[in-house]
Amino acid sequence: MKKLLFLFLMIHVFSFGQKKINVKIDPRIEAISIFYTLATRDTLDKKPTPSVYYRQFDQYFEKYRQHSSLNWYRNLDTWDGYDLSSIGLYLSDKYPFRLKIPYTGSQLRSCDIKTFLEKFNDFYKDCKVDDFIKAHKAEYLSITEFAHGKINESGILNDVDHFFNKPSQGEIVIFVDILNNLGNNAITIDDKSFRGKKIFKLAYLKDDDRVQTNDTEVQFIPLPNVVIHEISHLYVSDFIPLYRERLTKKRNIFLVTSKGEKLKEKDWENEADELIVRICVSKILGEKYGPEAELKEVENQSKHFKYFKELNLFFNKYTQHKNKYSSISQFYPEIVNYLENLN
């Protein structure tokens, strides 16, 4: 009976972990990432992280480097950021790609979505992108299973739940972007098919502690601070909407960096959101890895955010008295009051 109970508990825990987080490589995201990488990498300082996959990508698409769609994109007045490939989630599952969900995102800034899809579809067909992606299906599965295992082993999800003092609702979906060595981004899509899902895309960033060459297999180990950061965005996404009127009056405290640089006024909401999220990350890292980890994060973030150290100390009121708060939302009014009293 004890063995049966133990087996049941193990199955239950494993099933809970599987339900809680899903790691994927989406063929549509990957196809756009391939397009973006080929079009822009020669002008970017950061190239994709070396790996066997990158070598195979380079070899396969070498003869297509001057495709008309790539040259069209290169000659645009404005290019998009690394988050461009996120628009793949709006598209149909197969070529020719069309909008399955009305596009309401902000990732595509270089041109209109209709023009982009026309050029992208030409590239996808002419350069036989589908063949390349199909040939790597087994590798994609291996990469995502490995990453999923590492996240579960780390216990990060439980740490984040504990910090915000409430369980994570819905499914967390991570899309791995192997050719992206630039940055990560959260994805919000207002459609019923994504309701209840917390979605973000993680880059395969180069690891300075490992030797990575074009003979190295992809071993995607999500960085703890990155996973915590992206998930935290989703927990506190209601903070600014709830207190926008009051925070707008104090927007200047978010628009001046620690070096005295004045940011554009339109950036204040993003800066405020990033400040609160990164404070939460510093506290979670401190709870998980100890004071040194928190201090390191504080010192790093203070290089940009003027009031980071002060807010980090203020958040001790939350972390040291969690029994007073049913969730992080109950602490919001005190955060706003504190911000309003800053000069």
Side-chain angles (χ1 to χ4, degrees), residues 22-41 44 46-65 67 69-70 73 79-101 103 105 107-108 113 116-117 119-148 173-187 189 194 197 199-206 214 216-222 230:
N22 197 349
V23 184
K24 300 179 178 180
I25 293 176
D26 187 282
R28 299 164 299 176
I29 291 177
E30 189 63 20
I32 296 175
S33 186
I34 287 170
F35 174 86
Y36 182 80
T37 302
L38 286 169
T40 64
R41 67 171 170 167
L44 298 177
K46 279 194 174 182
K47 311 301 181 187
T49 300
S51 68
V52 173
Y53 182 78
Y54 180 45
R55 184 187 71 205
Q56 293 169 347
F57 156 86
D58 210 16
Q59 292 170 344
Y60 185 90
F61 290 103
E62 173 62 30
K63 60 185 177 183
Y64 303 117
R65 289 182 65 171
H67 187 272
S69 292
L70 296 174
Y73 191 84
W79 290 353
D80 305 290
Y82 56 79
D83 59 343
L84 175 65
S85 59
S86 303
I87 70 175
L89 297 180
Y90 291 88
L91 305 183
S92 55
D93 295 330
K94 295 182 180 180
Y95 170 88
F97 296 103
R98 56 178 178 77
L99 286 178
K100 185 170 65 174
I101 300 169
Y103 179 64
Q107 301 93 344
L108 183 63
I113 188 71
F116 181 84
L117 287 181
K119 299 295 185 180
F120 173 67
N121 275 321
D122 289 343
F123 166 78
Y124 189 91
K125 179 184 177 183
D126 296 345
C127 303
K128 299 178 173 58
V129 178
D130 191 49
D131 290 344
F132 179 82
I133 289 176
K134 284 181 177 177
H136 289 83
K137 272 189 174 181
E139 186 174 357
Y140 294 158
L141 181 60
S142 175
I143 291 168
T144 54
E145 286 182 344
F146 179 86
H148 185 279
V173 184
I174 296 173
F175 291 103
V176 178
D177 194 351
I178 313 172
L179 295 174
N180 177 5
N181 187 26
L182 295 168
N184 314 288
N185 62 278
I187 305 172
I189 299 180
F194 292 95
K197 296 182 179 180
I199 310 168
F200 53 100
K201 184 164 66 74
L202 293 187
Y204 183 45
L205 300 173
K206 193 173 188 312
N214 281 344
T216 306
E217 296 292 340
V218 174
Q219 283 195 327
F220 186 77
I221 305 174
E230 298 301 340

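For Ser86 and Asn185, the side-chain atoms include at least one donor-acceptor pair closer than 3.5 Å.
Judged by distance alone, the side chain of Lys201 and the main-chain N or O of Tyr82 form a donor-acceptor pair under 3.5 Å.
Taking the six-membered ring where the residue is Trp, the centroids of Phe175 and Phe200 are separated by 6.0 Å or more.
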Between side-chain atoms of residues 25-36 and protein atoms elsewhere (two or more places apart, or another chain), which donor-acceptor pairs fall under 3.5 Å?
| unit_1 | atom_1 | unit_2 | atom_2 | d |
| --- | --- | --- | --- | --- |
| Asp26 | OD1 | Arg28 | N | 2.8 |
| Asp26 | OD1 | Arg28 | NE | 3.0 |
| Asp26 | OD1 | Ile29 | N | 3.3 |
| Asp26 | OD2 | Arg28 | NH2 | 2.9 |
| Arg28 | NE | Gly88 | O | 3.3 |
| Arg28 | NH1 | Leu91 | O | 2.7 |
| Glu30 | OE2 | Tyr53 | OH | 2.7 |
| Ser33 | OG | Asp177 | OD1 | 2.8 |
| Tyr36 | OH | Asp80 | O | 2.7 |

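Residues Thr37 and Asn180 have side chains not in contact (no heavy-atom distance under 4.5 Å, counting atoms from C-beta outward). Using a 4.5 Å cut-off on side-chain heavy atoms (C-beta onward), Lys137 and Leu141 make no contact.
Applying the side chain to side chain contact (heavy atoms under 4.5 Å, CB included) rule to Ser142 yields no partners; only residues at least two apart in sequence or on another chain are considered. Residues passing the ring-ring contact (aromatic ring centres under 6.0 Å, His included) test with Phe61, sequence neighbours excluded: Phe57, Phe132. For Asn184, there are no side-chain hydrogen bond (donor to acceptor under 3.5 Å, both in side chains) partners, not counting sequence neighbours.
Using bins of under 30°, 30° to 60° and over 60° for the plane-to-plane angle, the ring pair Phe116/Phe120 lands in the parallel bin.
Pairs of residues two or more places apart, or lying in two chains, that qualify as salt bridge (charged side-chain N to carboxylate O under 4.0 Å, His left out) and include a residue from residues 121-132 are Asp130-Lys134. Within the structure, salt bridge (charged side-chain N to carboxylate O under 4.0 Å, His left out) pairs that include any residue of residues 52-64 comprise Arg41-Asp58, Arg55-Asp215, Glu62-Arg65 (at least two apart or interchain).
Looking at every heavy atom in both residues, Phe146 comes nearest to Ile221 through CE2-CG1, 3.5 Å. Shown here for Ala186 and Glu230, the closest heavy-atom pair between the two residues is N-OE1, 3.4 Å.
Distance check: Leu205 CG to Asn181 CG gives 5.5 Å after rounding to the nearest 0.5 Å.
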For this session: Would you sort out whether Tyr204 and Val218 count as a side-chain contact (heavy atoms from CB on, under 4.5 Å), showing the intermediate values?
Result: CA-CA 9 Å; Tyr204 183 45; Val218 174; 3.8 Å; yes

